[in-house]
Amino acid sequence: MVSIREADIDDLERIQELSVKLSEKEEKEFDGTIDPSWNTSEEATGWFRKRIEEDFSLVVVEDDELVGYAVGALRDSEDYREELLIAELESMYLKPDHRSEGLGSELMERFEEWAGEKGAERIRAEVTAQNDKGIEFYRKNGLQGYAEIMEKDIS
């Protein structure tokens, strides 16, 4: 049986392990500059700890095994925009055999509910530009493109 619950500090290492898998996938398929080892660094441990203790964090569990997670936080809008409180879904991952089961959409719904309860006016998620499946998922869940960051490798 699969369930979704709030993360607690005992989930920290398992969330980080899943985040490594997410970064490895991103590095392999979309962006060779991503460093999967960052996810287990001291900096990342503090970052994930803050999400669990103070911000938004859910885990997807099947038979006591973490098979997914979602974390996010509130942030102010950019200085060039009118003042907005934005809830950003910063990282989300589901193991491949748990995708296309509605779990990602459930995580998004719960994130949006949390954001509304916190007074956010918008929700945001960052997705790699080449990640067509990720872009399709977020669009299906009501997000629209706002800006596209473009880069060129000159090394």
Side-chain angles (χ1 to χ4, degrees), residues 1-78 84-143 146 149:
M1 167 115 178
V2 176
S3 63
I4 297 174
R5 64 167 171 78
E6 286 188 29
D8 60 47
I9 203 63
D10 293 333
D11 298 317
L12 177 62
E13 284 185 34
R14 295 186 297 169
I15 291 171
Q16 288 178 277
E17 290 168 6
L18 291 177
S19 188
V20 167
K21 292 184 183 308
L22 171 62
S23 291
E24 288 172 344
K25 178 182 181 347
E26 289 280 316
E27 177 192 35
K28 180 181 176 187
E29 295 181 20
F30 309 119
D31 182 358
T33 69
I34 290 175
D35 177 10
S37 69
W38 177 85
N39 294 285
T40 55
S41 69
E42 188 176 319
E43 178 185 8
T45 300
W47 186 86
F48 280 109
R49 178 181 297 279
K50 182 178 184 306
R51 298 310 175 270
I52 291 169
E53 294 177 344
E54 300 175 25
D55 299 314
F56 176 84
S57 61
L58 293 178
V59 290
V60 182
V61 181
E62 180 178 46
D63 301 326
D64 293 327
E65 178 190 358
L66 250 65
V67 297
Y69 73 91
V71 296
L74 298 173
R75 58 170 293 214
D76 294 324
S77 57
E78 297 83 354
L84 296 168
L85 183 60
I86 298 172
E88 184 163 358
L89 184 65
E90 298 167 310
S91 185
M92 181 169 71
Y93 179 79
L94 286 168
K95 287 187 171 182
D97 56 335
H98 287 84
R99 296 178 189 156
S100 301
E101 296 177 358
L103 294 167
S105 293
E106 174 72 19
L107 290 169
M108 284 297 301
E109 287 174 29
R110 304 234 337 232
F111 177 70
E112 189 169 343
E113 288 172 14
W114 172 84
E117 290 169 4
K118 296 295 183 183
E121 298 162 90
R122 289 185 174 223
I123 61 172
R124 165 185 293 175
E126 184 176 312
V127 60
T128 306
Q130 295 80 15
N131 185 348
D132 294 332
K133 286 183 180 181
I135 292 168
E136 180 183 329
F137 168 79
Y138 288 115
R139 284 190 175 140
K140 183 183 94 176
N141 282 279
L143 281 76
Y146 168 72
I149 298 170

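Computation of the quantities below employed the complete heavy-atom set of this structure, encompassing side-chain atoms and omitting hydrogens, waters and symmetry-equivalent molecules.
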Say whether, by atom type as modelled, one donor and one acceptor occur between the side chain of [X] and the main chain of [Y] under 3.5 angstrom.
| X | Y | result |
| --- | --- | --- |
| R49 | I9 | no |
| E88 | G72 | no |
| D35 | S37 | yes |
| S41 | W38 | yes |

Would you call [X] and [Y] a side-chain contact if the rule is heavy atoms closer than 4.5 Å?
| X | Y | result |
| --- | --- | --- |
| E29 | N131 | no |
| S19 | Y69 | yes |
| L143 | V127 | no |
| Y93 | K95 | yes |
| E106 | R110 | yes |
| W47 | V71 | yes |
| D11 | R5 | yes |
| N39 | F48 | yes |

Which value, rounded to the nearest 0.5 Å, describes the distance between [X] atom [atom1] and [Y] atom [atom2]?
| X | Y | atom1 | atom2 | answer |
| --- | --- | --- | --- | --- |
| H98 | L103 | NE2 | CG | 7.0 Å |
| W114 | I123 | CH2 | CD1 | 11.0 Å |
| L12 | E17 | CG | CD | 10.0 Å |
| L89 | F56 | CG | CZ | 7.0 Å |
| S77 | R124 | OG | CZ | 8.0 Å |
| T45 | I15 | OG1 | CD1 | 11.5 Å |

Please report the closest heavy-atom contact between [X] and [Y], naming both atoms and the distance.
| X | Y | result |
| --- | --- | --- |
| A115 | A87 | CB-CB, 3.4 Å |
| L85 | K118 | CD2-O, 3.7 Å |
| M92 | Y138 | CE-OH, 3.9 Å |
| S57 | I52 | OG-CA, 3.3 Å |
| V61 | V67 | N-CG2, 4.4 Å |
| S91 | L22 | OG-CD2, 3.6 Å |

Should we count [atom1] of [X] as having more than 12 external heavy atoms under 6.0 Å?
| X | atom1 | result |
| --- | --- | --- |
| E109 | CD | yes |
| E27 | CD | yes |
| E126 | CD | no |
| E78 | CD | yes |
| R99 | CZ | yes |

Q) Would you call R75 and E90 a salt bridge, taking side-chain N to carboxylate O under 4.0 Å as the test? A)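 Not counted as a salt bridge, because no side-chain N and carboxylate O are separated by less than 4.0 Å.
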
Would you say T128 and D31 are linked by a side-chain donor-acceptor pair, where the criterion is simply a distance under 3.5 Å?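 There is no such pair between these side chains.
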
